[in-house]
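Read through the structure below, which is laid out as structure tokens, and then see the notes.
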Protein chains: 2
Amino acid sequence: MIRVMIADDHQLFAEGLSQALNSLPDARVVGVINSGPALEDALRTQPAEVSIVDIEMPGGDGIAAIGSIGNRTRAIVVSMHASDDQKERAAGAGAKGFFSKAVPLATLAAAVRAVADGKNLIQLSEEERDQVLDTYREAQLDPGAASLTAREREILQLLAIGVSATDELADRLYISQKTVKNHLASIFQKLAVSDRTQAAIEAIRLGIAKPS
Amino acid sequence: MIRVMIADDHQLFAEGLSQALNSLPDARVVGVINSGPALEDALRTQPAEVSIVDIEMPGGDGIAAIGSIGNRTRAIVVSMHASDDQKERAAGAGAKGFFSKAVPLATLAAAVRAVADGKNLIQLSEEERDQVLDTYREAQLDPGAASLTAREREILQLLAIGVSATDELADRLYISQKTVKNHLASIFQKLAVSDRTQAAIEAIRLGIAKPS
DNA sequence: CCGGTCATGGGTCGGCAGACTCATCGGATC
DNA sequence: GATCCGATGAGTCTGCCGACCCATGACCGG
């Protein structure tokens with residue numbers, strides 16, 4: 001689980017991003033703050049592997065904040081109006097990544113994983129960076145969840161949207177009820193749960209079910 | 001259920017906000033687009049009661065987009081650098097609300113509910129506006145969920161964190177298994193579900209369970 | 001070709017889940 | 001004070017759920 005701190009004076013952006021990252025199965029936002037100086041304080045009481053910092057903040061901007069937190073966290077800088085100049089300054093302060101706020105959420109999520117894994121993205125060319133990010137696009141699931149088969153995942157998806165009865169699951173998948181129960185039994189083992197209610201909750205938490 | 005469309009060229013912001021609004025029990029984001037002109041197209045195929053539009057977008061800015069969508073949707077304008085000038089222009093184009101991106105998410109959520117309910121917030125003074133918003137801070141739950149009793153809500157919270165067995169629920173609440181089953185029966189009726197798995201999913205969707 | 005894994009399916013069995021009806025008691029409401 | 005509702009609890013019964021064991025055919029990697 002990657003602990004993430006967000007620093008941005010635009011609350012709407014910060015809270016939205018927080019919700020979005022929290023919905024990833026392998027990340028957890030542990031703090032949302034609205035100014036640069038507060039970042040250092042927050043990190044003292046609440047450690048985080050990765051911090052996402054807006055470069056444009058009032059009261060001592062993001063760059064200064066990054067410089068002061070040093071090695072307590074790895075910083076990813078985001079900017080509204082991304083420029084090469086800003087990128088240079090971010091790199092100089094020790095940031096490990098630099099992104100425009102115009103990039104898709106999936107890209108930032110991949111960057112968070114890459115940076116948490118020790119990668120430094122900021123000195124790479126765009127092609128190199130995208131290549132690295134591609135290897136981090138998928139969430140690192142729990143060991144149990146990672147070993148789920150395709151069919152088991154299918155059943156979990158149905159479970160998570162409320163298809164809970166064995167006969168309904170069997171109907172939807174065109175298999176017998178016996179097979180459904182067999183699959184469920186392996187799911188219970190792999191997820192370390194004891195019934196389909198807990199399995200459904202786990203499926204939602206792990207992001208196996210698509211809410212949209 | 002309030003259908004919401006989001007138009008913002010900063011994908012990170014748009015997707016983050018989308019996730020955040022989707023996590024509300026009474027709103028659903030039906031589209032996220034990244035330019036002004038695309039808003040009109042999107043609304044033609046996918047109706048939405050409320051649209052959240054960034055005033056600063058390349059390729060014909062948000063103001064023009066709002067003017068062209070007229071009465072198909074009610075627009076709330078958000079801006080990075082909120083100014084009175086921008087607010088005037090938004091009001092002139094027919095927007096029903098105007099907010100800085102620095103406001104908390106809860107405020108925007110309340111605004112979405114207010115605007116969906118027919119309120120026009122843009123001509124109000126700050127005090128008047130906050131007064132109106134205060135009446136919309138709470139999500140309008142489904143009729144069924146709204147009538148849940150305190151005890152029923154307690155059971156749902158436990159269910160949603162994986163306490164699924166009757167005897168465990170009884171232990172945690174210091175009541176008999178019989179009573180647990182009686183409460184569950186009323187919950188099933190009120191939420192229109194048929195077993196505790198579906199109830200747990202509904203509880204999560206309705207925000208009855210606290211994830212953090 | 002052989003071993004492993006996956007999807008499919010069968011059988012059995014104990015036990016819990018859900019549906020239905022009812023009772024008591026306290027607090028609120030009128 | 002009569003009434004309603006919420007919380008507590010009980011009894012009964014059908015049937016599904018979960019646990020355990022096993023079999024077969026397909027596929028894949030060595």
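In what follows, chains are A, B, ... by sequence order, proteins preceding strands, each numbered from 1.
Here C:dA17 presents its P atom at 12 Å from CD of A:Q198, a figure rounded to the nearest Å. Atom-to-atom, CD1 of A:I187 to P of D:dC17 comes out at 14 Å; the value is rounded to the nearest Å. Between the CG atom of B:D195 and the P atom of C:dA17 there is a distance of 12 Å, rounded to whole Å. We find that CG of B:L191 is positioned 15 Å from C1' of C:dG18, with the value rounded to whole Å. When rounded to the nearest whole Å, the span between CG of B:D171 and P of C:dC16 equals 13 Å. The interatomic distance linking A:L184 (CG) with C:dG9 (C1') rounds to 15 Å, in whole Å.
Taking the side-chain hydrogen bond (donor to acceptor under 3.5 Å, both in side chains) definition, one finds that B:S186 meets it with nothing, sequence neighbours left out. For B:S23, the side-chain contact (heavy atoms from CB on, under 4.5 Å) partners are A:Q19, not counting sequence neighbours. Residues satisfying the side-chain hydrogen bond (donor to acceptor under 3.5 Å, both in side chains) criterion with B:R172, sequence neighbours excluded, are absent altogether. In this structure A:S194 satisfies the side-chain hydrogen bond (donor to acceptor under 3.5 Å, both in side chains) test together with A:Q198, sequence neighbours excluded. Applying the side-chain hydrogen bond (donor to acceptor under 3.5 Å, both in side chains) criterion to B:D195, with sequence neighbours excluded, gives A:S164.
Using cut-offs of 30° and 60° for the angle between ring planes, the A:H81 and B:H10 rings count as perpendicular.
Using a 4.0 Å cutoff on non-hydrogen atoms, the parts of residues 162-169 of chain A near DNA chain D are A:A165, A:T166, ordered by number.
The backbone N or O of A:T149 sits less than 3.5 Å from a side-chain atom of A:E152, completing a donor-acceptor pair.
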Hey, what are the protein-to-nucleotides 27-30 of chain C N/O distances that come in under 3.5 Å?
none

Report each atom pair, protein N/O against N/O of nucleotides 5-8 of chain D, whose distance is under 3.5 angstrom.
from	atom 1	to	atom 2	distance (Å)
D:dA7	OP1	B:T149	OG1	3.2
D:dA7	OP1	B:R151	N	3.3
D:dA7	OP2	B:T149	OG1	2.6
D:dT8	OP1	B:R151	NE	3.0
D:dT8	OP1	B:R151	NH2	2.8
D:dT8	OP2	B:R151	NE	2.9
D:dT8	OP2	B:H183	NE2	2.8

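In this model, no side-chain donor or acceptor of A:K178 finds a partner on the base of C:dG10 within 3.5 Å.
Classification of B:E49 and B:R74 as a salt-bridged pair fails, no side-chain N sitting under 4.0 Å from a carboxylate O. Under 4.0 Å is where a charged nitrogen must lie from a carboxylate oxygen, and between A:R129 and A:E126 no such pair does.
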Under 3.5 Å, which donor-acceptor pairs link side chains of residues 115-123 of chain A to any protein atom two or more places apart or in another chain?
from	atom 1	to	atom 2	distance (Å)
A:D117	OD2	A:Y136	OH	2.4
A:K119	NZ	A:Y136	OH	3.2
A:N120	OD1	A:I122	N	3.1

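A donor-acceptor contact under 3.5 angstrom links the side chains of B:T166 and B:R196, judged on distance only.
Between its opening and closing five pairs, the helix from C:dG3-D:dC28 to C:dC30-D:dG1 changes axis direction by 50°, a value rounded to 10 degrees.
Here salt bridge (charged side-chain N to carboxylate O under 4.0 Å, His left out) pairs that include residues 86-100 of chain A, with residues two or more places apart or in two chains, are A:D61-A:R89. For residues 97-115 of chain B, every residue pair satisfying the salt bridge (charged side-chain N to carboxylate O under 4.0 Å, His left out) rule, not counting sequence neighbours, is listed here: B:D8-B:K101, B:D26-B:R113, B:D54-B:K101.
Two residues, A:Q177 and B:K181, neighbour DNA chain D, and the one matched to the more 5' nucleotide by heavy-atom proximity is B:K181.
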